[in-house]
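Only one structure is covered here, and it is reproduced in the block below.
Here is the naming used below: chain letters follow the sequence lines, and residue numbers restart at 1 for every chain.
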2 protein chains.
Amino acid sequence: MLTKSEENYIKEIYALEQINTEGVSTNLIAQKIETKASSVTDMLKKLAKKELINYQKYKGVKLNAEGKKIALSVVRKHRLWETFLVNKLNFSWDEVHDIAEQLEHIQSEKLTNQLDAFLNFPKVDPHGDPIPDVNGEFIAIKTVCLNELEVGEKGVFVEVKNDSEKFLKFLTKNNITIGSEIKVIDKEVFDDSYTIEIGEKQFNISESVIKNIYLKR
Amino acid sequence: MLTKSEENYIKEIYALEQINTEGVSTNLIAQKIETKASSVTDMLKKLAKKELINYQKYKGVKLNAEGKKIALSVVRKHRLWETFLVNKLNFSWDEVHDIAEQLEHIQSEKLTNQLDAFLNFPKVDPHGDPIPDVNGEFIAIKTVCLNELEVGEKGVFVEVKNDSEKFLKFLTKNNITIGSEIKVIDKEVFDDSYTIEIGEKQFNISESVIKNIYLKR
DNA sequence: ATATTTTTTTAGACTTGACTAAAAATAAGT
DNA sequence: ACTTATTTTTAGTCAAGTCTAAAAAAATAT
Ligand SMILES: [Mn+2]
Ligand SMILES: [Mn+2]
Ligand SMILES: [Mn+2]
Ligand SMILES: [Mn+2]
């Protein structure tokens, strides 16, 4: 039985591994979890002793099979709860992340699986993120970041890689929602901003917006 | 923002106040929360400093208005979640208490209120306990304990005062469920057990069962 | 190759919520 | 009223998870 804190570290290491394959650094974890590097080191020792990670001093960290299993279970719960909040309790996609951060630590396999069934075994959450099934398996649809599209190319917005309320509210305000067809009209070399077209409207978005939008070509 | 532990103490003090009006003792809290009296004293000091209770050394403790408000909010969440688990996720009444013990600490007023609406503002939980509304108000239906009935008298089982899995499974096994009409056939003076009748069947139940069954006359 | 900067770990301290053992206050018994 | 038993509080300790400051290791620059 892991503590909330241990689960949060495991989940964060898993998320970082998806990007930085080959070992996650102490500082990176500290930054994401908003804690100090020394606290991370303490926790890594603890997780290593519990045999959930492979950790060698100064060499970064990787989840082992057991750690990965736990990470996927927490991610599964997080995304199922987000789906529940949006689909059943009328929350909007920008309101659910912080509540799911709490709900993902509720311990009851039966609860998770009954919730999954109640929601009709959803494959993605309100942000387009895939939901692992009871065995930790999920469908990885092939997506590309908006910054990989050429001028003139278009794609369908299917996944957002930033669940913060501020960012999602910004997208909603500009009618950038999951399912929107986005066309790249122009790229500004000066600041890496793009002019995009959604429906009839054209407008400019900054690099920090662009890099969190993922599409199906 | 209270910790899980603080909320649990507040909730327990509230529950004990309903029985022992006029001040709850340190030892009683310790027994119910399954901790030591010295730990209770520590927490009472903390809650007193946060101005949630009236506490004088050696004199027992009472919730003040703010403490009562918090207690009712936790109780509301506990009972709404139990109702959700039974009505929406197909749990039985004996499986929900421990999960609700976790869910009652989730912090989000909107979540609680949306859940309430989703469940159609239920008035009682699966154990017949009243659910406080958004203002902390609830309908206190007048119930009597089974041990107050005379031989020959009958009543409808509407509330159970013990949420433990073992006890509830015992009731289910013997077909004693909320809504059952129970008639007292005989009282055994030797061990305070009763012979009761439900439907066609008559059988004997012990004092520890009797005292947790509440009825509408 | 050596010096400097950055990253990571260690050492020591703090907070929360628990514990044991001992002291103090209250309650009960004669 | 005085002794004994019970209840409650205090004093001191511990584990988890965090922090700051300092030391050690690794990476980078000259
Ligand atoms: Mn999220
Ligand atoms: Mn999400
Ligand atoms: Mn309960
Ligand atoms: Mn209940």
Side-chain angles (χ1 to χ4, degrees), chain A residues 1-13 16-17 19-63 67 70-71 74 101-102 104-105 107, chain B residues 1-14 16-17 19-63 67 70-71 74 101-102 104-107:
Chain A
M1 192 103 312
L2 299 185
T3 66
K4 188 183 288 196
S5 189
E6 290 168 332
E7 284 191 344
N8 280 332
Y9 275 92
I10 295 272
K11 184 181 59 150
E12 198 55 57
I13 295 166
L16 291 171
E17 267 181 3
I19 314 156
N20 298 36
T21 7
E22 296 316 308
V24 178
S25 77
T26 302
N27 260 357
L28 200 52
I29 298 169
Q31 185 199 313
K32 287 285 181 179
I33 270 186
E34 293 186 289
T35 185
K36 302 292 167 175
S38 55
S39 306
V40 175
T41 302
D42 288 347
M43 182 58 86
L44 294 183
K45 283 178 186 165
K46 210 170 135 196
L47 295 175
K49 201 155 84 182
K50 291 197 176 188
E51 299 196 85
L52 302 172
I53 60 173
N54 295 319
Y55 168 62
Q56 290 164 257
K57 278 198 215 174
Y58 299 102
K59 301 286 181 188
V61 65
K62 283 185 103 172
L63 294 180
I70 290 163
V74 177
E101 285 294 310
Q102 300 178 62
E104 72 189 7
H105 301 293
Q107 310 267 2
Chain B
M1 193 105 307
L2 299 185
T3 65
K4 188 182 289 196
S5 190
E6 289 168 333
E7 284 190 345
N8 281 332
Y9 274 92
I10 295 272
K11 184 180 58 148
E12 198 55 57
I13 294 166
Y14 175 79
L16 290 171
E17 268 182 3
I19 315 155
N20 299 34
T21 8
E22 298 314 308
V24 178
S25 78
T26 301
N27 259 359
L28 201 52
I29 299 169
Q31 185 199 314
K32 287 285 181 178
I33 270 186
E34 293 184 289
T35 185
K36 302 292 168 176
S38 54
S39 307
V40 174
T41 302
D42 288 347
M43 183 57 86
L44 294 183
K45 284 179 185 166
K46 210 171 136 197
L47 295 175
K49 202 156 85 180
K50 291 198 176 187
E51 300 195 84
L52 301 172
I53 60 173
N54 294 320
Y55 167 62
Q56 289 165 257
K57 278 198 214 174
Y58 299 102
K59 300 287 179 188
V61 65
K62 283 185 103 172
L63 295 180
I70 291 163
V74 177
E101 286 293 310
Q102 300 178 62
E104 73 190 6
H105 303 292
I106 302 292
Q107 311 263 324

Original post:
By side chain to side chain contact (heavy atoms under 4.5 Å, CB included), which residues pair with Glu7(B), not counting sequence neighbours?
Top reply: Leu2(B), Val74(B), Lys77(B), His105(B), Gln107(B)

Original post:
Atom CD of Glu7(A) to atom C1' of dA16(D): distance rounded to whole Å?
Top reply: 15 Å

Subject >> Residue Thr41(A), side-chain heavy atoms: nucleotide from dA16(D), dT9(C), dT8(D) that is nearest >> reply: dT9(C)

Original post:
Taking NZ from Lys36(A) and C1' from dA11(C), how many angstroms apart are they, rounded to a whole number?
Top reply: 18 Å

Original post:
Lys57(A) side chain: which of dC19(D), dA18(C), dT10(C) is closest?
Top reply: dT10(C)

Subject >> Whole angstrom value for the distance that separates C1' of dT16(C) from NZ of Lys45(B) >> reply: 15 Å

Subject >> Met43(B) CE - dT10(D) P separation (whole Å) >> reply: 16 Å

Original post:
What distance do Ile53(A) atom CD1 and Tyr9(A) atom OH have between them, rounded to the nearest 0.5 Å?
Top reply: 11.0 Å

Give the table of side-chain donor-acceptor pairs shorter than 3.5 Å for residues 30-42 of chain A, with sequence neighbours excluded, one pair per line with atom names and distance.
unit_1, atom_1, unit_2, atom_2, d
Thr41(A), OG1, Ala37(A), O, 3.2

Subject >> Interface with DNA chain C, restricted to residues 21-33 of chain A and to heavy atoms under 4.0 Å >> reply: Ser25(A), Thr26(A), Asn27(A)

**OP:** Indicate, with a heavy-atom threshold strictly under 4.0 Å, whether Lys4(B) touches base, sugar-phosphate, or nothing.
**Re:** nothing

**OP:** Drop me the distance from Asn8(A)'s CG to Ile13(A)'s CD1, to the nearest 0.5 angstrom.
**Re:** 11.0 Å

Original post:
In whole angstroms, how far is the P atom of dT9(D) from the CD atom of Gln56(B)?
Top reply: 11 Å

**OP:** Mind checking salt bridge (Lys or Arg N to Asp or Glu O under 4.0 Å) for Lys50(B) and listing every partner two or more places apart, or none if nothing turns up?
**Re:** Glu6(B)

**OP:** Measure from the side-chain heavy atoms of Asp42(A) and tell me the nearest of dT10(D), dT9(C), dC19(D).
**Re:** dC19(D)

Original post:
Tell me: NZ of Lys59(B) to P of dT7(D), nearest whole Å?
Top reply: 16 Å

**OP:** Mind checking salt bridge (Lys or Arg N to Asp or Glu O under 4.0 Å) for Glu51(A) and listing every partner two or more places apart, or none if nothing turns up?
**Re:** none

**OP:** Would you please confirm or rule out a distance under 4.0 Å between OP1 or OP2 of dC19(D) and any side-chain N or O of Thr35(A)?
**Re:** yes

Original post:
For Lys11(A), which residues count as a side-chain hydrogen bond (donor to acceptor under 3.5 Å, both in side chains) partner, sequence neighbours excluded?
Top reply: Glu101(A), Glu104(A)

Mind listing the N/O atom pairs, protein and nucleotides 21-25 of chain C, below 3.5 Å?
unit_1, atom_1, unit_2, atom_2, d
dA25(C), O4', Tyr58(B), OH, 3.4

Original post:
Are side-chain heavy atoms of Leu47(B) and Val61(B) found at a separation under 4.5 Å?
Top reply: no

**OP:** Report the distance from atom CG of Leu52(A) to atom CD1 of Ile70(A), rounding to the nearest 0.5 Å.
**Re:** 4.5 Å

**OP:** Ignoring backbone atoms, test whether Tyr9(A) places a side-chain nitrogen or oxygen under 4.0 Å from the OP1 or OP2 oxygen of dT18(D).
**Re:** yes

